[in-house]
Protein chains: 2
Amino acid sequence: MYLSSLTELAFGSRLKALSDRFYAAVDEVYRSCGAGIESRWFPVMRFLWEHGPTTVTEMAEAIGQTHSAVSQLANKLVRAGLLLRRDDPADGRRCLLSLTDQGAKSLEKLGPVWVAIRQGMQDSLGPQSRLLQALHDCEQALDAQPLVGKILDRHAVLTQSRVEIVPFEPRLREYFYELNAAWLKKYFVIEPLDEQVLRDPEHRVLEPGGAIFFAMLEGEVIGTCALLYESADLFELSKMAVNEAFQGMGIGRRLLDAAIAEFHRRGGQTLFLESSSRLTPALHMYERAGFVLQPAVRDGSHYQRADVYMIYTPTGAAAPPRKGAGRKN
Amino acid sequence: MYLSSLTELAFGSRLKALSDRFYAAVDEVYRSCGAGIESRWFPVMRFLWEHGPTTVTEMAEAIGQTHSAVSQLANKLVRAGLLLRRDDPADGRRCLLSLTDQGAKSLEKLGPVWVAIRQGMQDSLGPQSRLLQALHDCEQALDAQPLVGKILDRHAVLTQSRVEIVPFEPRLREYFYELNAAWLKKYFVIEPLDEQVLRDPEHRVLEPGGAIFFAMLEGEVIGTCALLYESADLFELSKMAVNEAFQGMGIGRRLLDAAIAEFHRRGGQTLFLESSSRLTPALHMYERAGFVLQPAVRDGSHYQRADVYMIYTPTGAAAPPRKGAGRKN
DNA sequence: ATTTATTATGTTAGCGCTTACATAATTGAT
DNA sequence: ATCAATTATGTAAGCGCTAACATAATAAAT
């Protein structure tokens, strides 16, 4: 499912969806047992059952909703004959909610259904009710420290500190490997040529006349990219990688700009890249930077995964279709 | 929070509440960053950003909502200038959604915000994103096997097999202790007198002229209760316990009825009990069975926790207030 | 004792989503 | 080629909830 891939970012949506699934399931169970109540009524009715007459506000606090919600639900339940509303003799503002005999009787019949729900849900909640436990911890964490504050703090740190693009240094060599290995392993496999280039960038990239750049944030290496020398006027853009946690911040674009600048500085005429149609966000970025999609992959492509071939030229003109190109797919 | 105490039964409500908290928090973050978008727009916009133009139905499937929801949201986003709607040239029914330049630009600025959200939420999700992991497992479990079926299966088993009430047997001795220890430890503490009676029911309950009953379901011991001899016509109801998973099924009432029947059989005139005002559901059950709340606790009460004193008499008449009673609290 | 806050509740409008229906375009069967 | 099924979408009504307001009763301050 797509939402899972967004992890923390679409968390609310997933919780909502799961909540709806549970409500719907329990409603169906109630219906097919002829229980005569709905899942959303449960917290109010059960609370009354356990605690006896309760005011609207007390109830709202107990079940974590607004007094409006309780008031409206109470009206509905009164209409259904399950609830009783009467004025509190001690305080004219308050009104006491309580179960009617019919309401109490409905609940009493429900015991086995609840047990069945409990037992039936055990599987879904994981061993030792892991989801329940995690949910509880999460609620506690949010109560203890407001989420908004934490997020804004992180945001302030992230935006105040600037991302810098720096050229290759030997002490950063391992990051060139690690950052690229991460996405290669995630989407494809590390091919032998990858291994050679990534393990020995000095001999494979720099000495032939190429360049490597790193993106740094607060001293942390969060991205890299390489410009490979093919011939005096032909270069290849390759080994672009940004740490997953920092994707979407425009860091890839910064690295790309640095590589293109270096390509110009060295008097290149054509800059090409090979990529995969599965890496859509990256492809869009290349397009926006001026790369033009070619109708067919390059002859003698370096990599198994390559099914996309793009070219950038200083003039901005699209490179002419190559011999034998033009066929679809 | 009350809902936590309902564990599996109010699970949907808690998920919904948590979902709303996350939506609200992220919305506030977006507002204070001047992002110009809302949290609920995120899945649609992000999907378009990653995948390019998409039809309404594709989108609905990807983000797990109805096509109506997508259609309506799309209208809103078009009005906000973030989305573009155009007819699919290949299929007149379809319509392609895509980001406007402004929409794409809004998202690109958001990179750091998303990273901040990710990092800020780490705490709330527990070590190794435990909540996220548990959520994923739960979704999988529900996909694999429909919850309704599981619950109804359990329900069928529970209702077909009858609960039986049986008298004391030595092989059940340990359950008398375990079932009572559970609620004593949960709400109060195990007092010395509890320990003596529960550990040695033969000498402390049966030999003096009392009785003990167990509730059995499918060979499993799920509840117990004791009738204690005080004098020829005075008995005490005590040590009533039902396994938490089977509460609310009327098992307490079955045990109580058995004990009252035995009380009659032995020619008792007065049956009293001591309980705590914290055990509201139990108190209601006693009332429904004919016990009458006394205005003050018994002189020389056996237990620290006792602040409720109730009496049952065969005639059903309320026992007369005792000497010194009648004062409030 | 009078005024001012606070508290408890009901009411209205609105949001996000669903269900149910309507409509149009496309595909498939004969 | 024709007509029925399927598919893609939009729209209306409704549900559950919230926010914002209105109102009445109570508590607190002077």
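Order of the sequence lines fixes the chain letters, A, B, ..., with proteins taken first and strands second; residue numbering starts at 1 for each chain. Because the structure is predicted, anything quoted here is derived from the model rather than measured.
For the pair B:Leu83 CG and D:dT9 P, the interatomic distance rounds to 13 Å; values are reported in whole Å. Look at CG on A:Leu73: it is 16 Å from C1' on D:dG14, rounded to the nearest Å. What separates CD of A:Gln65 from P of D:dG16 is a distance of 11 Å, to the nearest Å. A straight line from CG of A:Leu15 to P of C:dG16 spans 18 Å, rounded to a whole angstrom. Atom CZ of B:Phe42 and atom P of C:dG16 are 17 Å apart (whole Å). Spacing between atom CG of B:Leu97 and atom C1' of D:dA8 amounts to 12 Å, rounded to whole angstrom units. Between B:Asp27 atom CG and D:dA19 atom P the separation is 12 Å, expressed in whole Å. A straight line from CD of A:Glu58 to C1' of C:dT9 spans 13 Å, rounded to a whole angstrom.
Where A:Lys16 and A:His67 each meet DNA chain C at their nearest nucleotide, the meeting point lying more 5' is that of A:His67. A residue-by-residue look at B:Leu96 and A:Tyr23 shows that B:Leu96 has its nearest nucleotide of DNA chain D further toward the 5' end. Heavy-atom distances to DNA chain C give each of A:Ser71 and A:Asp20 a nearest nucleotide, and the one nearer the 5′ end belongs to A:Ser71.
A cation-pi contact, defined as under 6.0 Å to the ring centre and within 45° of the axis, links B:Arg278 to B:Phe188.
For a distance-only test at 3.5 Å, the side chain of B:Ser68 qualifies as a donor-acceptor partner of the base of C:dT19. Not a single donor-acceptor pair, N or O on each side, falls under 3.5 Å between the base of C:dT9 and the side chain of A:Thr57.
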Starting from the C-alpha separation in whole Å, work towards a yes-or-no answer on side chain to side chain donor-acceptor pair (under 3.5 Å) for A:Gln122 and B:Glu8. CA-CA 8 Å; A:Gln122 300 283 320; B:Glu8 291 86 355; 3.1 Å; yes

Verdict with supporting geometry, A:His155 and B:Val29, side chain to side chain contact (heavy atoms under 4.5 Å, CB included): CA-CA 9 Å; A:His155 187 240; B:Val29 169; over 6 Å; no

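More than 12 heavy-atom neighbours from other residues, nucleotides or ligands sit within 6.0 angstrom of CG on A:Asp143.
An OP1 or OP2 oxygen of C:dG10 is reached within less than 4.0 angstrom by a side-chain nitrogen or oxygen of A:Arg85. For B:Lys76, a side-chain nitrogen or oxygen approaches OP1 or OP2 of C:dG16 to under 4.0 Å. Residue A:Thr66 places at least one side-chain N or O closer than 4.0 Å to OP1 or OP2 of D:dT18.
For A:Ala69, the listed nucleotide lying nearest its side chain is D:dC17; candidates were D:dC17, C:dT26, D:dA19. Which of D:dA19, D:dT26, C:dA8 sits closest to the side chain of A:Arg94 comes down to C:dA8. Side-chain atoms of A:Arg93 lie closest to C:dT6 of the nucleotides D:dT9, D:dT11, C:dT6.
Under the 4.0 Å criterion applied to side-chain N and carboxylate O atoms, A:Arg31 and A:Asp27 are not assigned as salt-bridge partners.
Using a 4.0 Å heavy-atom cutoff across all strands shown, A:Glu38 reaches sugar-phosphate atoms only and no base atom. Contacts of A:Asp88 with the nucleic acid, taken as non-hydrogen atoms under 4.0 Å apart, are absent. Using a 4.0 Å heavy-atom cutoff across all strands shown, B:Gln72 reaches at least one base atom of the nucleic acid.
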